[in-house]
Novice: 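Structure in structure tokens, see below.
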Amino acid sequence: MVLEKRFSLTAILSLIVISNPQTIIRTALENHELHNKVIHRDALPDKINQMEHSITESSFSEKDLNKAIRVMNKHNIDADFSILERYNLTEKDLIKGVICENCKGNKLFRRHGTWLCNQCQLSSKKAHIPALRDYFYLLGSTITNRQLRNFLNISSSSSATRILQSLNLTSSGANKGRVYRLNFDE
């Protein structure tokens with residue numbers, strides 16, 4: 001491959017950046033090194049500065065860098081693995097519910113179509129969307145009413161139906177067999 005031949009002496013630094021600030025990142029004790037590799041988007045500028053200072057000398061010219069960027073963009077492919085399997089997690093390991101974007105850990109409850117926080121009094125009609133984005137990336141692109149209720153910690157199937165319908169998702173099947181297709185590819 002072009003990159004292997006041309007840039008074999010270049011150090012490759014990598015990170016996993018979680019864009020949802022409500023996502024809680026926890027690692028098992030045996031995976032403590034992941035804590036430095038998996039970060040929230042807010043920590044990215046500091047992490048880039050830290051990485052830049054750790055590199056003492058540029059391995060290639062501006063022209064080589066642009067060529068490397070073109071080659072990487074050309075060969076970019078989506079991940080073909082399950083995040084949960086990759087890190088030996090199950091769905092039971094996930095923290096379910098809708099997390100308050102202000103308190104960053106307090107779970108919201110739903111009343112009359114609005115998500116509410118007991119701690120900071122935040123109210124939001126769309127607070128479930130980041131949680132469903134997490135579901136999409138962690139568990140898959142299809143969801144049923146029951147799966148939505150389980151993941152968002154709500155008991156009412158009619159509330160779940162209203163949430164699903166408000167997202168204007170495509171669906172297949174009927175009644176208890178209805179499956180909705182989530183789409184968060186941006």
Side-chain angles (χ1 to χ4, degrees), residues 14-28 31 34 37-44 72-186:
S14 62
L15 290 173
I16 298 171
V17 181
I18 307 296
S19 63
N20 182 354
Q22 295 177 354
T23 302
I24 297 171
I25 302 170
R26 292 187 184 147
T27 58
N31 292 329
L34 286 177
K37 290 284 187 184
V38 182
I39 62 171
H40 281 106
R41 68 177 179 206
D42 295 340
L44 185 59
M72 285 187 270
N73 284 335
K74 182 178 177 183
H75 294 287
N76 183 40
I77 56 171
D78 290 335
D80 62 349
F81 58 85
S82 162
I83 297 287
L84 296 180
E85 287 174 16
R86 179 88 174 247
Y87 295 105
N88 199 25
L89 300 170
T90 67
E91 188 175 343
K92 291 177 184 171
D93 295 317
L94 300 177
I95 299 170
K96 296 179 180 174
V98 178
I99 307 298
C100 179
E101 75 179 49
N102 286 338
C103 301
K104 305 289 189 226
N106 197 35
K107 290 185 182 178
L108 303 180
F109 67 96
R110 190 162 173 88
R111 183 183 296 148
H112 304 296
T114 302
W115 295 99
L116 303 167
C117 178
N118 277 334
Q119 189 168 335
C120 72
Q121 310 309 313
L122 172 90
S123 71
S124 171
K125 296 241 182 231
K126 303 220 180 254
H128 55 276
I129 292 177
L132 289 175
R133 183 174 282 117
D134 289 345
Y135 181 98
F136 174 80
Y137 288 116
L138 293 170
L139 298 172
S141 61
T142 60
I143 192 168
T144 63
N145 183 298
R146 179 180 302 244
Q147 289 169 323
L148 180 121
R149 284 183 281 141
N150 179 41
F151 196 74
L152 298 183
N153 286 337
I154 57 176
S155 57
S156 168
S157 71
S158 58
S159 289
T161 298
R162 282 192 291 277
I163 288 171
L164 289 164
Q165 289 174 343
S166 75
L167 297 170
N168 296 318
L169 304 172
T170 59
S171 64
S172 59
N175 301 325
K176 289 188 178 187
R178 186 170 305 240
V179 176
Y180 297 86
R181 178 158 298 283
L182 296 169
N183 186 5
F184 289 105
D185 289 331
E186 297 166 77

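In this text the structure is predicted, and so the values were computed from the model without any measurement.
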Novice: Quick one, Ile83 and Leu89 - any side-chain contact, counting heavy atoms below 4.5 Å?
Specialist: no
Novice: Would you say that more than 12 heavy atoms from the other residues, nucleotides or ligands in this model lie under 6.0 Å from the CZ of Arg178, or not?
Specialist: yes
Novice: Enter the distance from Leu182:CG to Leu132:CG here, rounded to the nearest 0.5 Å.
Specialist: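 If I round to the nearest 0.5 Å, the distance is 6.0 Å.
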Novice: What distance separates Phe151 CZ from Asn153 CG, expressed to the nearest 0.5 Å?
Specialist: 9.5 Å
Novice: Which pair of heavy atoms, one from Lys107 and one from Ile95, lies closest together, and at what distance?
Specialist: CE-CG2, 3.8 Å
Novice: Testing the basics here: between Arg181 and Ser141, what is the closest heavy-atom pair and its distance to 0.1 Å?
Specialist: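 What the structure gives for the nearest pair is NH1-OG, 2.9 Å.
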Novice: Once rounded to the nearest 0.5 Å, what's the spacing between atom CD1 of Ile163 and atom CD1 of Ile154?
Specialist: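 These two atoms lie 4.0 Å from each other.
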Novice: Side-chain donor-acceptor pair under 3.5 Å between Ser19 and Arg41, yes or no?
Specialist: no
Novice: Among Leu94, Ile143, Leu152, whose side chain to side chain contact (heavy atoms under 4.5 Å, CB included) with Tyr135 holds?
Specialist: Ile143
Novice: When you measure from the side chain of Asp93 to the backbone N and O of Thr90, does any donor-acceptor pair fall under 3.5 Å?
Specialist: yes
Novice: Atom OG1 in Thr142, atom OH in Tyr180: separation rounded to 0.5 Å?
Specialist: 12.5 Å
Novice: Check whether any side-chain N or O of Gln147 sits under 3.5 Å from a backbone N or O of Thr144 as a donor-acceptor pair, and report yes or no.
Specialist: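 Yes, Gln147 side chain to Thr144 backbone: donor-acceptor pair under 3.5 Å.
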Novice: Quick check on side chain to side chain contact (heavy atoms under 4.5 Å, CB included): which of Ser157, Ser156, Ser155, Ser159 does Arg149 satisfy it with?
Specialist: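 When Ser157, Ser156, Ser155, Ser159 are each tested with Arg149, the side chain to side chain contact (heavy atoms under 4.5 Å, CB included) holds only for Ser157.
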Novice: Stepwise, does the side-chain contact (heavy atoms from CB on, under 4.5 Å) test hold for Ile25 with Ile39?
Specialist: CA-CA 8 Å; Ile25 302 170; Ile39 62 171; 5.7 Å; no
Novice: Using distance alone, with no hydrogens and no angle criterion, decide if Thr161 and Asn145 have a side-chain donor and acceptor under 3.5 Å apart.
Specialist: yes
Novice: side-chain contact (heavy atoms from CB on, under 4.5 Å), that's the test. Do Val38 and Ile18 meet it? Break it down for me.
Specialist: CA-CA 7 Å; Val38 182; Ile18 307 296; 4.0 Å; yes
Novice: Applying side chain to side chain contact (heavy atoms under 4.5 Å, CB included), can you list everything that pairs with Ile129, at least two apart in sequence or on another chain?
Specialist: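 Scan of Ile129 (side chain to side chain contact (heavy atoms under 4.5 Å, CB included), adjacent residues dropped) gives Lys126, Arg133, Leu167, Phe184.
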Novice: Give me the atom names and distance for the closest heavy-atom approach of Val98 to Ala127.
Specialist: CG1-O, 3.2 Å
Novice: Considering only distance and modelled atom types, tabulate donor-acceptor pairs under 3.5 Å from the side chains of residues 111-120, sequence neighbours left out.
Specialist:
| from | atom 1 | to | atom 2 | distance (Å) |
| --- | --- | --- | --- | --- |
| Thr114 | OG1 | Lys125 | NZ | 3.2 |
| Trp115 | NE1 | His128 | ND1 | 3.1 |

Novice: Hey, could you give me the OH/CG distance between Tyr87 and Leu138, rounded to the nearest 0.5 Å?
Specialist: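 Between atom OH of Tyr87 and atom CG of Leu138 there are 11.5 Å.
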Novice: Can you check whether Gln22's main-chain N or O pairs, donor with acceptor, with Asn20's side chain at less than 3.5 Å?
Specialist: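 A pair under 3.5 Å: yes.
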Novice: Roughly how far apart are Leu148 CG and Leu164 CG, rounded to 0.5 Å?
Specialist: 4.5 Å
Novice: Taking only residues two or more places apart in sequence, or in another chain, which ones meet Lys96 in a salt bridge (charged side-chain N to carboxylate O under 4.0 Å, His left out)?
Specialist: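 For Lys96 the salt bridge (charged side-chain N to carboxylate O under 4.0 Å, His left out) partners, ignoring immediate neighbours, are Glu91.
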Novice: Quick one, Leu139 and Leu84 - any side-chain contact, counting heavy atoms below 4.5 Å?
Specialist: yes
Novice: Taking everything shown except Asn88 itself, do over 12 heavy atoms lie less than 6.0 Å from its CG?
Specialist: no
